[in-house]
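All chains are named by letter (A, B, ...) in the order of the sequence lines, taking the proteins before the strands, and each is independently numbered beginning at 1.
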Amino acid sequence: MSNGMRMPFADSDIADEAVRATCDDASICKRFATSKGYWTDLYVQYFVRQVGERKAPEINRGYYGRVKGMNLLIDAFLKKTQCDCQVVNLGAGLDTTFWRLKDENIMPKKFFEVDFPMIVARKIHNIKTKPPLSKPLIETHSTDALLLDGHSLDSDRYCIIGADLRDLPTLEEKLKKFQINPELPTLFLSECVLVYMTPEQSSKLVHWVADAFPTAMFINYEQVNMNDRFGEIMIENLQRRQCNLAGVDLCQSLDSQKERFLSAGWESANALDMMTVYNMLPQEDVARIECLEFLDEKELLQQLLQHYCICWAVKDKLNLGEASILPS
Amino acid sequence: IAFSRFHSSIRVRPNDKDAKMKYQECNKIVKQKAFERAIASDELKRSVVDSLDIENMTIEDDYAGPKLEDGKVTLKFMKDLMAWFKDQKKLHRKCAYQTEEITICGDTHGQYYDLLNIFELNGLPSITNPYLFNGDFVDRGSFSVEVILTLFGFKLLYPEHFHLLRGNHETDNMNQMYGFEGEVKAKYTAQMFQLFSEVFQWLPLAQCINSKVLVMHGGLFSEDGVTLDDIRKIDRNRQPPDSGKTMCVLLQDGRSVSKRGVSCQFGPDVTERFLEQNKLQYIVRSHEVKAEGYEVTHSGKCITVFSAPNYCDQMGNKGAYIHLRGSDLKPEFHQFTAVPHPDVKPMAYANSLMQLGMM
């Protein structure tokens, strides 16, 4: 602050606000897709009330691939550790995975969610005011009262924390405060989160996870193959929405996505683009969802899927065996 | 001109009964024209045109008279011509013979500003600058209403020199899903959409140029033995039927094609046999986005042309159109890139499909 005159909104505030807005994009799209029957999510309706306007079929199929792909990996990890583990969803937004795991009886020992305080405050408000959301928490909690303040909610099996993922000391402190156990195998998730930070910031984050958790897996879903025309245009379009893909340099290829983990203390890494993942999903269900809405231009879906990937990295002190983590 | 005046008056007074009635009159004419053309049989009389080799005629260096500009009649040419004739001079026979060229455009998908750009690059439609738009005028893009009314307007202005074929997006199912119905309802009324739906049903499914080149939106059939007569006999005033029928294959509508993988539903052998049986040289179709705006396949017997550049504001593809000279029917490809368009304020029809990917 050289002359003492502070701008009301720094560029970084605008950038952060744009990133927070992506939370709505994701949940609104999921709300629409589930309303059409692409997959079942009984809880998204409590975070996004109205179904809202129509989304293009390639978007619905894209989210289907994302949700199904992530769930496959998450469930595999839970199964492998027999739920004797933790899950930390970084930049979780209005995600409903905890409630799905509760319904399916495959909850980890504790499920942590982290996001910007503003998002977390919203989510806490929804949880508090909607019994279908709060009941599972209360049921799995040992006492009558949940620990609650403006930006965090803690219960025995579920905890949500408002924090800035770029501020690692505070993040670590808060996770510790809510009894995260670094000795347990822990699964870290991030879906379209790291890309909004600079490579340096995301590198520090994944490095810290590797240092602090001896047995861990990190699953990252975000853009890939961004070097081509489609990638260029996506970046331009997002910029027009003040949405800056600060970490896009690491999204050049599957190799660069793997490398960010391998060079940050992770032992092994795998990455698949979403076209590959889509073709690996149970094809009967894929055939079912492809009948829900006719897609007029296959190329649109193909381009979309080829520009997103799932990358998973493993630090495996207890020899979980990453090679077999994904059902073939 | 009449059409656009009605259009503007409807814009200003959307509920004006008189404007609506006149709009309906216009649409009746559109229907009628489309119908007449579809049922007209092509004459197989040998034309003088076939025996002329205009391309290889040369204009001598000492010819000082008016010349067509890029093969086209322009106002300047006309003024020079009239002055030349006044001086009792003769126009070079090449210019006198110059055959028409037709421009074939592929999908435009509501990309109005790119359509304007086509007219900028290639000239406005006229008697000497005929056009054929090969379907999919609406949906996906946010300016479908502007595109379709412009195309209908030119159809009324130059009924014999401006042609529209039906695409799979000129159907109710597509319009409901991909934005056109929403756009019409937002800008006009549900009744207006009904009218478009009716008019779309009358659009012809295919067009044969000089008995040699067949143009249709989607493509050919998976089975052999289809003749031009079969196509003529189609009762097209309807929504596409379920799979298997000729009509839906021409449009390559959803239900008729397999949903997985294969983009081109008909192979080179199918094309070959169809062309042979119907004594055609090649087909021109659209329906699929191509990075270069066009694609030549099946050893030149199947051409795809797509005229919506940077499709859906995402694909980064070029658009293209084809110049076809009556003299030799050799396709000449012209490519173009997307031009900027207004950032339409989010409305039910526009914003829903402009998705920036996964966030």
Test item: [X] side-chain N/O and [Y] main-chain N/O as donor-acceptor pair under 3.5 Å:
X: B:Glu288; Y: A:Glu297; value: no
X: A:Asn237; Y: B:Asp313; value: yes
X: B:Tyr178; Y: A:Ala56; value: no

So which part of B:Asn310 gets closer than 4.5 Å to some heavy atom of chain A, the side chain, the backbone, both or neither? side chain

With only heavy atoms counted, which part of [X] is less than 4.5 Å from chain B, the side chain, the backbone, both or neither?
X: A:Tyr196; result: side chain
X: A:Gln303; result: side chain
X: A:Tyr308; result: side chain

Do other residues, nucleotides or ligands put more than 12 heavy atoms under 6.0 Å from the CD atom of A:Glu17? yes

Heavy-atom pair count under 4.5 Å with chain B, highest-scoring of A:Leu300, A:Leu304, A:Leu238: A:Leu300

Where B:Met359 and A:Tyr63 come nearest, the two heavy atoms and their spacing: N-OH, 3.3 Å

Within residues 232-242 of chain A or reaching into it, pairs that qualify as salt bridge (charged side-chain N to carboxylate O under 4.0 Å, His left out) - sequence neighbours excluded: A:Asp25-A:Arg241, A:Arg229-A:Glu232

Using the side-chain hydrogen bond (donor to acceptor under 3.5 Å, both in side chains) criterion, which residues pair with A:Asp285? Sequence neighbours excluded. A:Tyr64, A:Arg288

Evaluate the side-chain proximity of A:Glu299 to B:Tyr311: yes if any heavy-atom separation is below 4.5 Å, no if none is. no

Euclidean distance, B:Met177 CE relative to A:Arg54 CZ, rounded to 0.5 Å: 5.0 Å

Are B:Arg140 and A:Glu58 close enough for a salt bridge, meaning some N to O gap below 4.0 Å? yes

